[in-house]
Amino acid sequence: MISLQKLYEHKHAFGFFAQQLSYPEKLHFHPMVFEESFDSSEPGYEDIKKYWNLIQEYSLEEIEEMYVKTFDFDKKSTLYMTYFKFNDTKERGQMLAKLKVMYEMFGLDMAKEELSDYLPLMCEFLFAAEWSGDQRAQESFDMMLAVLEDGTYHLLQSLKDSDTPYFYLINALRETFKACIEQEEQ
């Protein structure tokens, strides 16, 4: 089960992940972006730092090319989190609908052209949504984090053999999820 309190404590990290997983823009890579988002106490800090240091070695044009090659041209490393499990089946459509309803329930108006399982959108939702004190939050966020955990696992596996800084970013994202899981009492 996800700890809503821990998830809330890491909201700022999800804003960073959303930005870094969106199509690259120059402002995304300004040094202050990293400095204002993380300190060494964050889950996955070493991976985030490694990602940041590696990505800084590239020009914006090289980052754009790497982004497109990694996430747009390779189905194995898609940013659509339900694609790995469901491909284009009816079950995927049902999950997309559940996620969209969840976003609306917590005040996010999705762009009509975007699918609700798009990883940057999901991270942006975790950053921007206000769920504190909402009785519907636990079940909704447990479902969403299950989708994210499964999708990012497959994404990480596909990036493992590639020479891309995004491997470290996804690993740091997964570490952040793990830090938000409630450990059951023994």
Side-chain angles (χ1 to χ4, degrees), residues 2 6-85 87 99 110-111 113-129 144-181:
I2 198 77
K6 290 178 184 176
L7 190 67
Y8 202 87
E9 290 169 8
H10 296 294
K11 283 179 76 133
H12 64 280
F14 293 108
F16 176 83
F17 292 124
Q19 184 182 68
Q20 296 301 307
L21 289 165
S22 297
Y23 187 79
E25 295 180 24
K26 187 175 184 174
L27 288 176
H28 294 174
F29 303 102
H30 188 279
M32 293 303 291
V33 170
F34 177 76
E35 292 169 17
E36 292 174 354
S37 299
F38 293 99
D39 64 43
S40 60
S41 68
E42 294 290 332
Y45 177 77
E46 290 304 317
D47 282 321
I48 295 167
K49 189 174 175 183
K50 185 156 182 128
Y51 160 78
W52 190 256
N53 290 336
L54 288 170
I55 206 78
Q56 294 295 312
E57 295 174 7
Y58 295 92
S59 70
L60 180 59
E61 292 77 25
E62 290 169 327
I63 295 170
E64 290 170 339
E65 185 178 317
M66 179 185 356
Y67 182 92
V68 169
K69 180 181 174 193
T70 303
F71 298 123
D72 293 343
F73 290 154
D74 188 353
K75 282 187 177 182
K76 292 183 290 186
S77 58
T78 182
L79 291 174
Y80 294 95
M81 296 291 93
T82 61
Y83 185 80
F84 298 104
K85 187 172 186 172
N87 288 317
L99 287 168
M110 256 180 57
E113 65 276 357
E114 192 57 73
L115 295 177
S116 57
D117 67 340
Y118 185 54
L119 183 55
L121 174 69
M122 296 177 89
C123 290
E124 181 68 25
F125 172 74
L126 290 170
F127 171 69
M144 180 183 199
L145 268 287
V147 169
L148 282 166
E149 205 291 320
D150 184 59
T152 58
Y153 171 80
H154 292 287
L155 178 56
L156 188 66
Q157 296 308 306
S158 72
L159 295 175
K160 192 181 284 186
D161 297 328
S162 62
D163 185 28
T164 176
Y166 289 110
F167 172 84
Y168 300 101
L169 184 66
I170 299 301
N171 202 49
L173 177 60
R174 290 180 53 75
E175 289 300 316
T176 305
F177 296 153
K178 288 178 193 172
C180 297
I181 294 174

Should [X] and [Y] count as side-chain neighbours, where that means a heavy-atom distance under 4.5 Å?
X: H28; Y: V33; value: no
X: L99; Y: F125; value: no
X: R174; Y: Y153; value: yes
X: M81; Y: L155; value: yes
X: M144; Y: I2; value: no
X: L79; Y: D117; value: no
X: M32; Y: E35; value: yes
X: Y168; Y: L156; value: no

Strictly distance-based, threshold 3.5 Å: is any side-chain N or O of [X] a donor or acceptor partner for the main-chain N or O of [Y]?
X: T164; Y: F167; value: no
X: S77; Y: T70; value: yes
X: Q56; Y: F29; value: yes
X: T78; Y: D74; value: no

[atom1]-[atom2] distance between [X] and [Y], expressed to the nearest 0.5 angstrom:
X: E46; Y: S40; atom1: CD; atom2: OG; result: 8.5 Å
X: L21; Y: I170; atom1: CG; atom2: CD1; result: 4.5 Å
X: S22; Y: L121; atom1: OG; atom2: CG; result: 9.0 Å
X: K69; Y: E64; atom1: NZ; atom2: CD; result: 15.5 Å
X: S162; Y: K76; atom1: OG; atom2: NZ; result: 9.5 Å
X: H154; Y: E149; atom1: NE2; atom2: CD; result: 9.0 Å

Tell me whether the rings of F34 and W52 are parallel (<30°), tilted (30 to 60°) or perpendicular (>60°).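 Geometry flag for W52 against F34: parallel rings.
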Below 30° counts as parallel, above 60° as perpendicular, anything between as tilted: where do the rings of Y51 and Y166 land?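 Ring orientation, 0 to 90° scale: tilted.
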Which heavy atom in [X] sits nearest to a heavy atom in [Y], and how many Å separate them?
X: P43; Y: I48; result: O-CD1, 4.1 Å
X: F38; Y: A13; result: CE2-CB, 3.7 Å
X: K6; Y: I181; result: NZ-O, 4.0 Å
X: D39; Y: Y45; result: O-CD1, 3.0 Å
X: T82; Y: V147; result: CG2-CG1, 3.8 Å

Could you walk me through whether F17 and T176 pass side-chain contact (heavy atoms from CB on, under 4.5 Å), step by step? CA-CA 10 Å; F17 292 124; T176 305; 3.7 Å; yes
If you draw a 6.0 Å radius around CG in D163, do more than 12 non-hydrogen atoms from other residues or ligands fall strictly inside? no
Please check if the number of heavy atoms outside K11 that lie under 6.0 Å from its NZ is greater than 12. yes
State yes or no: are the ring centers of Y23 and Y67 separated by less than 6.0 Å?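 Between Y67 and Y23, which both carry aromatic rings, the centre distance is below 6.0 Å.
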Name all residues meeting the salt bridge (charged side-chain N to carboxylate O under 4.0 Å, His left out) criterion together with E175; count only those two or more places apart in sequence or in a different chain, and write none if there are none.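 Testing E175 for salt bridge (charged side-chain N to carboxylate O under 4.0 Å, His left out), a comparison that skips the adjacent residues, returns K178.
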Can L173 and L119 be said to form a side-chain contact (heavy atoms from CB on, under 4.5 Å), step by step? CA-CA 11 Å; L173 177 60; L119 183 55; 4.0 Å; yes
Using a distance-only test with no angle check, is there a side-chain donor-acceptor pair under 3.5 angstrom linking E42 and H12?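 The answer is yes; a qualifying pair exists.
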